[in-house]
Amino acid sequence: MLTEILNEEKLTAQNFIELENEYGAHNYRPLDVVIERAEGVWVYDTEGKRYLDCLAAYSALNQGHCHPRILQALVEQASKVTLTSRAFRNDQLPLLYQDLHELTGFDMVLPMNTGAEAVETAIKTARKWGYKVKGIPEGGAEIIVCANNFHGRTVTIVGFSTEAQYREGFGPFTPGFKVVPFGDAHALSEAITPNTCAFLVEPIQGEAGILIPPSGYLKEASEICRSNRVLLMTDEIQSGLGRTGKLFAYMHDGIRPDILIVGKALGGGFYPVSAVLASREILAVYRPGDHGSTFGGNPLACAVARAALRVLVEEKLTERSAELGAYFLRLLRTLRGPGLKEVRGKGLWIGIEMHTAARPYCEALKEEGLLCKETHERVIRIAPPLIIRREEIDWAFERIKKVIER
Ligand code: PXG
């Protein structure tokens with residue numbers, strides 16, 4: 001039957017779904033929409049039906065799909081040089097470092113590819129800093145993390161997840177992590193020992209269901225870290241680069257982490273680019289050969305990331321996120337429906353929590369032409385590209401209202 005499919009001239013959506021189910025590991029349960037092309041906030045399936053993308057690849061598409069300026073940078077760089085490895089230098093990496101420095105104020109950058117790699121890099125950095133600078137006895141470094149965290153899928157990272165499914169069958173895990181409740185600064189302070197080198201936290205927990213901590217939490221956590229010589233590491237892979245209405249979510253609290261982890265939208269939706277940013281004192285723990293990546297810092301990635309940052313700044317996407325996010329949230333808070341529990345969010349990052357499973361709502365929204373994804377069972381996540389226009393928000397709202405109030 002599959003050979004028949006492969007011989008067909010024009011494959012149907014059902015053909016693509018069958019092929020994927022037959023030959024791919026079933027580690028996802030995607031909505032059955034087969035996307036063929038996309039532009040801005042809109043995606044088109046193989047039958048030509050149009051959908052508004054309200055997920056934006058978990059915030060990797062803050063600049064929208066196939067942004068022409070990022071595309072141009074990609075194509076231009078792809079025809080020059082794409083990969084050198086870090087054995088040699090290239091003329092794009094220093095410029096990305098400079099752009100990141102100017103945008104964020106952090107002294108130095110360590111480039112990686114995926115988010116999980118950047119989190120691993122932050123963990124390695126904190127541990128090495130703990131031994132070399134803080135003087136923690138070798139092998140004793142502890143890192144504190146939060147319950148319901150999501151930092152990626154490597155063995156070390158899932159090892160400190162509190163989600164049973166993410167861990168099940170993947171042990172043994174890396175030791176040296178302590179879990180405290182999210183949003184509880186007192187618990188953080190109680191968990192610190194002389195061996196604690198870092199506290200790793202998402203300023204808003206995305207995968208946990210867009211959980212916003214009590215106001216002042218991050219500020220308090222930051223003070224606790226400072227007074228105990230513990231590095232504050234914020235994972236802004238999903239919350240950063242404009243998503244919450246500030247360039248980084250930590251900025252809502254008037255603090256500054258010691259280590260900042262970025263990814264997703266840094267690649268403008270074209271290419272995996274991630275980075276760890278920190279002070280000179282912290283990143284100075286590295287000596288040649290300590291850590292690295294074949295693809296991290298490659299010239300294609302750097303050219304794309306530079307264009308992605310330029311678009312973010314020049315199109316004022318952070319400001320748009322603040323303004324349009326507040327507008328969208330105001331509309332969504334007028335919703336009434338027996339299934340609706342709570343609407344919460346910051347910037348264009350909104351969670352609609354239901355009393356029952358969110359999946360059927362996402363399926364119904366898909367039929368209305370809106371692509372959303374449930375998170376944590378009962379939360380519908382609304383996180384469109386930050387280039388979305390007010391009329392498109394109105395369009396989306398009409399459909400969400402219809403489905404929620406049905
Ligand atoms: N930190 C945070 C806060 C994230 O949201 C990661 C780290 C890991 O990034 P990478 O690039 O390694 O996936 C994320 C990723 C998925 C999926 O399908 C990933 C995320 C959210 C939802 C689904 O793997 N976030």
Side-chain angles (χ1 to χ4, degrees), residues 20 24-31 35 53-62 111-124 143 145-163 165-167 170 177 182 198-213 218 232-244 248-250 257 259-277 293 295-296 301 304-305 308 346-349 351 358-359 362 371-377 379-383:
E20 183 172 331
H26 292 189
N27 58 328
Y28 279 95
R29 188 162 67 100
L31 288 179
I35 297 166
D53 183 355
C54 273
L55 180 64
Y58 304 100
S59 298
L61 286 160
N62 286 358
M112 283 283 142
N113 311 283
T114 65
E117 277 178 305
V119 172
E120 288 273 352
T121 299
I123 290 168
K124 288 174 80 173
I143 294 177
V145 299
C146 290
N148 302 315
N149 68 73
F150 187 91
H151 298 287
R153 299 289 200 158
T154 64
V155 169
T156 291
I157 294 171
V158 298
F160 59 75
S161 171
T162 55
E163 188 70 33
Q165 194 196 353
Y166 296 169
R167 300 165 53 88
F170 296 131
F177 296 92
F182 179 62
F199 173 50
L200 171 64
V201 65
E202 300 155 82
I204 291 175
Q205 289 187 325
E207 294 320 294
I210 326 258
L211 297 186
I212 303 169
L218 217 52
L232 175 64
M233 312 199 286
T234 55
D235 177 345
E236 297 254 11
I237 289 167
Q238 196 170 159
S239 60
L241 298 175
R243 175 53 60 188
T244 69
F248 294 105
Y250 71 75
I259 295 184
L260 171 64
I261 310 166
V262 289
K264 291 196 194 280
L266 183 57
F270 281 88
Y271 202 87
V273 191
S274 65
V276 170
L277 284 77
S293 154
F295 292 98
V304 165
K346 227 172 209 176
L348 277 168
W349 206 20
R359 178 81 180 199
C362 293
L371 295 185
C372 301
K373 181 73 167 71
E374 75 278 8
T375 175
H376 248 245
E377 262 324 274
V379 182
I380 309 167
R381 171 181 6 210
I382 309 280

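Atoms within a ligand are numbered from 1 in the order they appear, just like the ligands themselves.
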What residues come within 4.0 Å of ligand 1, counting heavy atoms only?
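Y28, Y58, T114, G115, A116, F150, H151, G152, E202, E207, D235, I237, Q238, K264.
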
Please indicate whether F295 has more than 12 foreign heavy atoms, meaning atoms of other residues, nucleotides or ligands, lying under 6.0 Å from its CZ.
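It does not: F295 CZ has 12 such atoms or fewer within range.
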
Does some side-chain heavy atom of V201 sit less than 4.5 Å from a side-chain heavy atom of L232?
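With C-beta onward as the side chain, the pair touches.
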
Is Y250 close to L260 at the side-chain level, that is, under 4.5 Å between some pair of heavy atoms?
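L260 reaches Y250 side chain to side chain.
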
When you check the gap from the basic side-chain N to the acidic O, do E207 and R381 get nearer than 4.0 Å?
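Yes, E207 and R381 are salt-bridged.
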
Please answer whether the main-chain N or O of A116 pairs with a side-chain N or O of E120 as donor and acceptor at a distance below 3.5 Å.
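Absent.
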
Holding to ring pair (Phe, Tyr, Trp, His ring centres under 6.0 Å), I want the full list of residues that pass it with Y271, two or more places apart in sequence or in another chain.
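If we apply the ring pair (Phe, Tyr, Trp, His ring centres under 6.0 Å) test to Y271, skipping adjacent residues, there are no hits.
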
